[in-house]
Amino acid sequence: MGKRVFLAQYIFKCAGLGCLVSYLFYRNVWISCVAGAGAMVYGVYSCRGQWKKRQSGRMIVEFREMLQGISAALQAGYSIENALEESGKDLQILYAQQSMLLPYIREMTGQIRLNQSVEEVFSQFARTVCLEDVDRFAQTLRTAKRTGGNLIGITKMTADRISEKLEVKREIDSMIAGKQMEANIMRIIPLGMIGYFWLCSPGFLDVLYQGAGRVVMTVLLLVYGLAAHWTRKISQIVV
């Protein structure tokens, strides 16, 4: 999915959800439109963070593949500079034009051909992508080049560490998937109950949409929003 498509879907999803929830709680078209506009503004500000998080996950997986390719090339007798170029060929085979990392590798190999040191090239790459594992590898590579460290062992160890982190993340995601589904159901139930009363008992909730009832619905909406936000936060575990 392209960036523009993802951002558009996320923004309109926020706007639609804002309209639906506000209309259920206030039964007023104008309030619903204002809430939808507010939710769209929130979507505009938060969607880039969601896209960056999604892309970072893909990037770290490709970085692991790149390190494994570099390690294999080093074991075959290539220099670190040539091993980097060989890893790009591996990514080309694995991901073709869908690779996020391949353009960076091509830029890095071009910089190396212009006589920039490989450690400086990796440091620039780490500053560009802003990923913790990439930054750690760049620092370790710089130290190893200065002290004559074991580059094969460093790249293999870093790739193994990333693989372990990804495996732990998959296990955590599997363990909390059921709880996340339960949380989603709990977020839907209050809205479903309001919709149920609208359909099956017309007029039963009319008192809540006028006078002091609006104050009650506002308080309930705030409680609902805080509960939804809290359940989403506690299910986000950073590895």
Side-chain angles (χ1 to χ4, degrees), residues 1-7 48-175 177 236-239:
M1 182 186 299
K3 181 177 181 179
R4 292 183 179 179
V5 176
F6 175 85
L7 297 182
R48 297 188 184 278
Q50 294 293 328
W51 174 256
K52 184 177 179 180
K53 180 180 178 181
R54 176 174 176 169
Q55 297 301 90
S56 295
R58 289 182 54 192
M59 179 72 77
I60 198 63
V61 171
E62 291 192 29
F63 182 65
R64 179 195 60 182
E65 302 291 345
M66 184 187 81
L67 291 180
Q68 290 175 343
I70 291 176
S71 178
L74 289 172
Q75 290 177 355
Y78 287 85
S79 65
I80 181 66
E81 293 81 3
N82 292 329
L84 175 62
E85 188 171 357
E86 290 299 314
S87 70
K89 296 177 182 178
D90 294 339
L91 288 180
Q92 176 71 39
I93 295 173
L94 288 173
Y95 299 101
Q97 299 304 318
Q98 302 300 319
S99 173
M100 294 180 57
L101 202 55
L102 193 55
Y104 291 103
I105 293 178
R106 289 170 178 166
E107 181 180 354
M108 292 164 69
T109 54
Q111 291 172 342
I112 291 173
R113 292 193 186 100
L114 295 175
N115 294 324
Q116 283 190 262
S117 64
V118 67
E119 56 268 31
E120 180 59 31
V121 168
F122 267 97
S123 295
Q124 293 177 8
F125 170 59
R127 289 192 293 268
T128 301
V129 298
C130 298
L131 291 175
E132 181 182 3
D133 290 300
V134 179
D135 186 58
R136 286 180 179 177
F137 177 76
Q139 293 178 17
T140 306
L141 178 63
R142 179 182 293 273
T143 302
K145 290 287 286 184
R146 289 177 179 177
T147 60
N150 183 2
L151 293 179
I152 297 176
I154 289 171
T155 54
K156 188 175 186 304
M157 180 185 65
T158 306
D160 290 342
R161 185 183 298 116
I162 294 174
S163 295
E164 291 172 0
K165 289 178 63 175
L166 293 174
E167 183 62 29
V168 170
K169 187 177 185 304
R170 278 194 293 268
E171 291 178 0
I172 292 175
D173 290 342
S174 297
M175 287 189 292
Q236 293 177 350
I237 301 175
V238 179
V239 180

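Position 1 is the first residue of the sequence, and the numbers go up from there. For the numbers below, each heavy atom of this structure counts, side chains included, while hydrogens, waters and symmetry mates do not. Small disclaimer: the values here were computed from a predicted structure and weren't measured.
Using a 30° and 60° split on the angle between ring planes, Phe137 and Phe63 fall in the perpendicular class, above 60°.
With a 4.5 Å cut-off on side-chain heavy atoms, Glu85 and Met108 do not count as touching. Annotation: side chain of Arg113 is not in contact with side chain of Glu81 (no heavy-atom distance under 4.5 Å). Tyr104 places a side-chain heavy atom less than 4.5 Å from the side chain of Met59. Residues Thr158 and Thr140 fail the side-chain proximity criterion, which asks for heavy atoms closer than 4.5 Å.
Ser79 contributes atom OG, which lies 8.0 Å from atom CG of Leu74 (distance to the nearest 0.5 angstrom). Atoms OG1 and CG, on Thr155 and Leu84 in that order, are 11.5 Å from each other to the nearest 0.5 Å. Distance check: Ile162 CD1 to Met66 CE gives 8.5 Å after rounding to the nearest 0.5 Å. Atom CD1 of residue Ile70 and atom CD1 of residue Ile154 lie 12.0 Å apart, to the nearest 0.5 angstrom. With rounding to the nearest 0.5 angstrom, the CD atom of Gln111 is 4.5 Å from the CD atom of Gln116.
Taking every heavy atom of both residues into account, Ala83 and Tyr78 meet most closely at N-CB, 4.1 Å. Taking every heavy atom of both residues into account, Ile60 and Leu131 meet most closely at N-CD1, 4.3 Å. Considering every non-hydrogen atom in both Gly88 and Leu102, the closest pair reads O-CD1, 3.3 Å. Val118 approaches Leu141 most closely through the heavy-atom pair O-CD2, 4.3 Å.
A donor-acceptor pair is defined here as one N or O able to donate and one able to accept, closer than 3.5 Å; no such pair exists between the side chain of Ser99 and the backbone of Tyr95. Remark: side-chain polar atoms of Glu62 are paired, donor with acceptor, to backbone N or O of Leu101 under 3.5 angstrom.
For Gln139 and Asp135, the side-chain atoms include at least one donor-acceptor pair closer than 3.5 Å. Residues Arg106 and Gln92 bring a donor and an acceptor atom of their side chains to less than 3.5 Å of each other.
Here Arg64 does not pair with Asp133 in a salt bridge; the nearest charged N to carboxylate O distance is not below 4.0 Å. Arg161 and Glu167 are not joined by a salt bridge, as no carboxylate oxygen comes within less than 4.0 angstrom of a charged side-chain nitrogen.
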**Study point:** Pair Glu120-Arg127, salt bridge (charged side-chain N to carboxylate O under 4.0 Å, His left out): steps then yes or no
**Key:** CA-CA 11 Å; Glu120 180 59 31; Arg127 289 192 293 268; 3.5 Å; yes

Practice item. Just do the side-chain contact (heavy atoms from CB on, under 4.5 Å) check on Gln68 and Ser163 with the steps written out, would you? Key: CA-CA 10 Å; Gln68 290 175 343; Ser163 295; 4.1 Å; yes

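Listed by chain and residue number, Glu132 satisfy the side-chain hydrogen bond (donor to acceptor under 3.5 Å, both in side chains) test with Arg136 (two or more places apart in sequence, or in another chain).
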